[in-house]
Every structure is written in structure tokens, then in C-alpha cells.
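Before any comments, here is the structure.
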Number of protein chains: 2
Amino acid sequence: MSTQPRNYLASRSTSKCSTCSLRELCLPVGLDDREIETLSKLIERKYRIQRGEYLFHAGLAFKSLYAVRNGFFKSYVLDVDGHQQVTGFYMTGELLGLDAISAEIHTCDTVALEDSEVCEVPFEKLEELSLKIPLLMHHFHKIMSREIVKDHTTMMLLGNRKAEERLAAFLLNLSERFAKRGYSPKNFILRMTREEIGSYLGLKLETVSRSLSKLQEEGMITVNNRHIELNDIYQLNRKICGSSHQSHRLK
Amino acid sequence: MSTQPRNYLASRSTSKCSTCSLRELCLPVGLDDREIETLSKLIERKYRIQRGEYLFHAGLAFKSLYAVRNGFFKSYVLDVDGHQQVTGFYMTGELLGLDAISAEIHTCDTVALEDSEVCEVPFEKLEELSLKIPLLMHHFHKIMSREIVKDHTTMMLLGNRKAEERLAAFLLNLSERFAKRGYSPKNFILRMTREEIGSYLGLKLETVSRSLSKLQEEGMITVNNRHIELNDIYQLNRKICGSSHQSHRLK
DNA sequence: CGGCAGGTTGAGCCAGGTCAAACTTCGTGG
DNA sequence: CCACGAAGTTTGACCTGGCTCAACCTGCCG
């Protein structure tokens with residue numbers, strides 16, 4: 001993986017939302033066939049992005065959102081020191097670039113963690129089409145709002161949780177998202193390094209490693225390099241919902 | 001301040017966006033007079049919310065966004081333990097409730113930290129009007145996106161920064177926002193407790209207190225109870241942009 | 001088969017959490 | 001308008017979870 005972008009655009013092919021497996025996750029939710037057809041036309045290109053390639057960089061002019069068709073991405077912001085904060089991991093059916101709408105400039109770097117495909121959604125056209133398909137607009141609002149909720153959940157983790165709890169929450173979140181996409185919720189491959197997990201969770205890579213080992217010792221998971229098996233989802237959940245903590249709540 | 005809601009709605013009055021001082025910050029940005037007039041009609045009510053009163057609660061059905069006309073609010077989510085994570089502070093011209101669009105249920109509690117006024121913006125009507133005023137829709141998208149960027153910045157703070165740096169960033173952020181609203185950027189009153197600041201920044205209240213004292217010792221700020229004076233904005237900025245850190249960036 | 005990125009594990013240390021005490025401010029009721 | 005109690009703040013002493021530094025291991029790719 002390199003910090004240097006290679007090329008933004010690789011192969012090009014036509015795409016059809018109507019035959020896409022993501023209809024239920026992605027933008028077309030709830031639209032009728034004719035509307036989906038119109039939406040399809042709006043998607044200019046489908047790109048193949050290889051592992052390590054950047055989809056866009058912070059500072060770049062914003063033109064399009066990208067829907068992950070398959071694969072896995074991470075987004076991160078750099079602060080002035082060059083410190084990296086991973087702001088999210090994105091998988092099939094999720095929408096990338098929402099942060100860029102506000103200033104019309106991308107605020108984060110986004111890179112593929114495995115060979116991936118994305119659909120380019122020109123934002124201006126998406127807004128135009130929204131005017132004609134109210135349901136599309138409404139659904140888009142929901143997607144943006146979901147991103148905000150997701151960020152709040154992450155803030156919660158970063159602010160209140162211990163290392164092991166953060167890891168447990170992280171794994172369970174991945175598990176749910178895999179399940180929703182028809183993959184096994186108990187058996188999956190981490191696409192990211194320990195360092196990237198750490199950055200996302202506000203931990204150092206050594207702490208991530210140690211916490212994973214600890215969870216394994218406790219029998220909740222089995223770690224095999226990047227392959228993770230969740231053996232006791234109930235216990236993992238309890239770890240977060242911490243009946244262990246005494247609740248001294250703010251008044 | 002109490003965790004019990006008192007009443008949601010207090011006094012009622014008519015409102016006009018056209019005469020509101022927030023035209024440049026709030027939803028009407030860029031609209032012409034006729035459009036603003038239409039937008040005005042959409043705002044059903046203007047509420048007076050007293051300090052300590054809740055604007056809405058997590059779990060409540062979502063119907064409206066609220067624009068802060070004046071005053072100061074905090075939003076927070078509770079986790080299963082009853083641990084509170086403050087997700088944001090909101091002042092004049094900012095929009096509350098964006099997180100609720102996704103599930104049509106409020107995900108956080110929002111409470112006034114001083115006597116305030118809000119304009120209720122029924123979301124369904126806002127979407128309808130967006131279809132007729134593309135610029136309004138576009139601006140609304142920018143506002144949502146801005147919220148995402150803001151959250152990313154907070155995540156950055158929580159993940160990478162030391163206590164004093166977080167405080168410095170927090171104060172500078174408030175300063176900028178006050179300045180944008182025509183208040184002094186160097187002299188302001190904190191509307192929130194040390195505990196609330198701590199919750200937002202992922203610190204304990206004692207640490208907040210100590211860090212403020214430290215910044216004062218270093219001559220960058222003067223703390224007088226909740227009154228804050230920024231004496232050396234340049235130094236505060238340097239504290240964040242930390243020329244002190246060696247940049248060992250992720251590769 | 002060698003090089004290297006990524007991962008694990010250990011030892012020691014320190015920033016920030018925890019607990020405790022004292023002080024200040026503010027709101028309320030008499 | 002004052003007194004009192006509750007809420008909020010500061011400061012100190014101590015403790016610990018996670019960071020740092022370092023050594024070593026593992027799996028992958030050329």
C-alpha cells in the first residue's frame with residue numbers, strides 16, 4: 001500500500017442498477033423499475049479500483065459520490081502533523097464522499113483495501129434527478145443521516161469505552177454489516193491492518209493486537225491472522241452493554 | 001438542570017425568515033425574497049425553550065428539524081449503561097435533529113443550556129419545498145455534509161489528541177463560531193459544565209479543569225469560572241498543529 | 001530463499017482516570 | 001435580602017490502562 005495515488009480510473013464498463021445486487025442497500029431503495037432505469041443512466045461510469053489505489057484525495061474538487069459495488073474501502077483525514085484518523089470503513093452498497101458536499105472539496109482520502117468496484121454518481125445530476133423523484137431525495141437524506149448516526153456511535157466508542165470494548169463493538173458492527181450483505185456474520189476476513197483498526201478506534205496497533213488476544217483467551221473469538229471467528233456473540237455484546245459497569249450517569 | 005423533561009413547547013409566536021438575523025447562516029442562504037417568504041410559511045412555530053428544558057428526546061418519533069434562533073443547546077446519546085456522550089453543542093443558526101432522519105426516530109437527547117428560541121421546521125414540508133427550490137435542497141445537503149465533517153473533526157480529536165490539545169481545539173472552535181455570529185472571538189461565556197465539555201472531548205471533568213488551569217498558567221487563556229478569554233490564539237493554534245510532534249505518519 | 005510488511009509479546013512508564021476533600025457559585029425558600 | 005443546600009469547580013494523591021520502545025515472529029512476494 002502506498003500513499004501515492006496511482007491512477008484514479010481503471011477499466012470502464014456499463015452498469016445497470018436494475019440488475020445490481022445492491023438495489024436494497026444502495027440508492028435505488030423503494031424506487032420502481034422506471035425510476036431505477038433513470039437512475040441507472042445517471043451513473044456515468046463503473047470503476048475498478050485495485051487494492052492500494054485511491055478513489056479520491058483530500059483537497060480534490062468534489063464532483064461525484066461513489067457507491068461501493070463490491071470491495072472494501074477506508075477513509076481517513078490527516079491532521080497538520082500527518083497524523084491519520086480513519087473515519088470509516090466502507091463496504092458493498094455504502095456511499096462514499098458525503099463529507100465533500102459541504103465545501104465542494106473532498107475532506108478525506110479514500111483508498112481501496114481490496115480490489116473493488118464503484119459506481120460513480122455525479123452529484124449535480126443526482127440532485128437534478130432528486131427533484132423529479134422525491135423518493136430518491138428522501139432516501140438520500142436518510143443515507144446522509146445514517147452517516148451522522150454512525151459517526152455519533154464511533155464518537156461514543158472513542159469517548160467512553162475501553163480498548164477491549166471498542167474491539168468488541170467494532171467486530172460486532174462488521175459482523176452485522178456482513179450479515180446484511182449475505183455473508184457469514186461469524187466468520188470473516190479483516191481487510192484492514194491492526195494499525196488501521198487502531199486509528200479508527202483511537203488505539204495503538206499494539207493495543208489492538210493485545211485486545212484481540214485477550215478476547216481470544218476469553219473464548220469469545222478466534223483470531224487467525226486476519227481471519228476472525230466470533231464464537232460467542234452474546235458475550236461480546238455483554239462486553240459492550242457492560243453489566244459490569246456501575247452506571248453513574250450524568251445528571 | 002434535570003434529566004426530566006418539563007414541557008416541549010412553551011410560548012408560540014410568528015416568525016419571519018426575511019427579518020431574521022440568521023439569513024446568512026441558516027437554511028435561507030442564497031434564496032431570493034420570494035423563496036424566503038415561502039420558506040417562512042413552512043416554519044410552523046417558534047418555540048421558547050428555557051434552560052434545562054428538552055427540545056426532544058431519544059426514541060421520540062421524528063417530525064421536525066429545529067433551527068436555533070438564539071441560545072445554546074447540547075445533544076447527547078446514552079449508551080446502555082447510561083453513559084452519556086455529548087455529540088455536539090449547537091448555537092444560533094445551526095440545525096438540530098439531522099440524525100433522526102435516518103430512522104425517523106430521534107437518536108439523541110437535546111437540551112437547552114440557556115434560555116433559547118428555535119424555529120420548528122417540519123421535515124416533510126421541507127422536503128416538499130426542496131423540490132420546488134433546488135437551491136434550498138442543495139443548501140440542505142451542504143448542511144448535512146457539514147455535520148459529517150464536524151463529526152470527523154471530533155473523531156480526530158478523540159482519537160489522536162492529548163487533553164490540552166483537545167481543550168485548545170475546542171476553545172478555538174467555539175471562538176470561530178462566536179466570531180461568525182458577530183460575538184467576540186476572544187471573550188466568551190461557556191454555556192456548558194466541565195463535565196459536559198469532558199463528555200464531548202472524551203475526558204473526565206477533573207482533567208478538563210486541570211487542562212484549563214494549565215493553559216492559563218501557560219498564559220494562553222484566562223479562566224474565570226465560565227468566562228473564558230483567549231489571550232494568545234496563535235499559541236493555541238500551535239498547540240493543535242503541534243510543530244512539537246514528530247510526524248510519523250501511517251504508510 | 002531472502003526481504004519486509006505486518007503482527008505479537010514483554011517491560012516500563014506516564015497521561016489521564018479515580019477518589020477525596022475543600023471551595024465557589026447559584027438558585028430557592030423563608 | 002439572606003441563609004442554606006445543591007451543583008459545579010479546583011486541586012491533591014494515588015493508581016492503572018494504554019502508550020512507547022524493543023525484540024522477535026510469521027506469512028507473503030519477488
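Naming convention: chains lettered A, B, ... in sequence-line order (proteins, then strands); numbering from 1 in each chain.
- Between dG7(C), dG17(D), dT11(D), one nucleotide has an atom nearer to the side chain of Asn225(A) than all others, and that is dG7(C).
- Rounded to whole Å, the distance from CG on Leu190(A) to P on dG6(C) is 14 Å.
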Item to check | Check against side-chain contact (heavy atoms from CB on, under 4.5 Å), Gln216(A) and Thr222(A) | outcome: CA-CA 5 Å; Gln216(A) 182 164 29; Thr222(A) 308; 3.8 Å; yes
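- The CD atom of Glu195(A) sits 16 Å away from the C1' atom of dG18(D) (whole-angstrom rounding).
- Residue Leu203(B) is classed as a sugar-phosphate contact, given heavy-atom separations below 4.0 Å to backbone atoms only.
- Distances shorter than 4.0 Å separate none of the side-chain N or O atoms of Ser213(A) from OP1 or OP2 on dT8(C).
- On a pure distance criterion of 3.5 Å, a polar donor-acceptor pair joins the side chain of Arg210(B) and the base of dG12(D).
- A straight line from NZ of Lys162(A) to C1' of dA15(C) spans 14 Å, rounded to a whole angstrom.
- Between the CD atom of Glu165(B) and the P atom of dA15(C) there is a distance of 12 Å, rounded to whole Å.
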Next on the checklist: Determine whether Phe89(A) and Tyr200(A) satisfy the following criterion, ring-ring contact (aromatic ring centres under 6.0 Å, His included), listing intermediate values before the conclusion.
Outcome noted: CA-CA 9 Å; Phe89(A) 297 106; Tyr200(A) 183 59; 5.3 Å; yes
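- Remark: of the listed residues Glu114(A), Glu196(A), Glu195(A), Glu94(A), Glu196(A) is the sole one forming a salt bridge (charged side-chain N to carboxylate O under 4.0 Å, His left out) with Lys74(A).
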Next on the checklist: Show, in sequence, the C-alpha distance, side-chain angles and deciding distance for Leu113(B) and Arg51(B), and conclude whether the side-chain contact (heavy atoms from CB on, under 4.5 Å) test is met.
Outcome noted: CA-CA 5 Å; Leu113(B) 297 184; Arg51(B) 186 155 84 91; 5.7 Å; no
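- Heavy atoms of Gly198(A) sit nowhere under 4.0 angstrom from any nucleic acid atom.
- Using a 4.0 Å heavy-atom distance criterion, Arg166(A) is classed as making no nucleic acid contact.
- Straight-line distance from the CD atom of Glu114(B) to the P atom of dG27(C): 13 Å, rounded to whole Å.
- With hydrogens and angles ignored, no donor-acceptor pair closer than 3.5 Å exists between the side chain of Arg226(B) and the base of dG8(D).
- Listed pair Ser209(A) / dG7(C) fails the phosphate criterion, with no side-chain N or O lying under 4.0 Å from OP1 or OP2.
- Nearest nucleotide to the Ala163(A) side chain, out of dT11(D), dG18(D), dG7(C): dG18(D).
- Rounded to whole Å, the distance from CG on Leu205(B) to P on dA7(D) is 14 Å.
- Classification of Arg194(B) and Glu206(B) as a salt-bridged pair fails, no side-chain N sitting under 4.0 Å from a carboxylate O.
- Whole-Å rounding puts the Leu201(B) CG to dG16(C) C1' distance at 14 Å.
- A donor-acceptor contact under 3.5 Å is not formed by the side chain of Arg194(B) with the base of dT25(C).
- Put simply, NE2 on His83(A) is 12 Å from C1' on dC19(D), counting in whole angstrom units.
- Which of dA20(C), dA22(D), dC19(D) sits closest to the side chain of Glu206(B) comes down to dA20(C).
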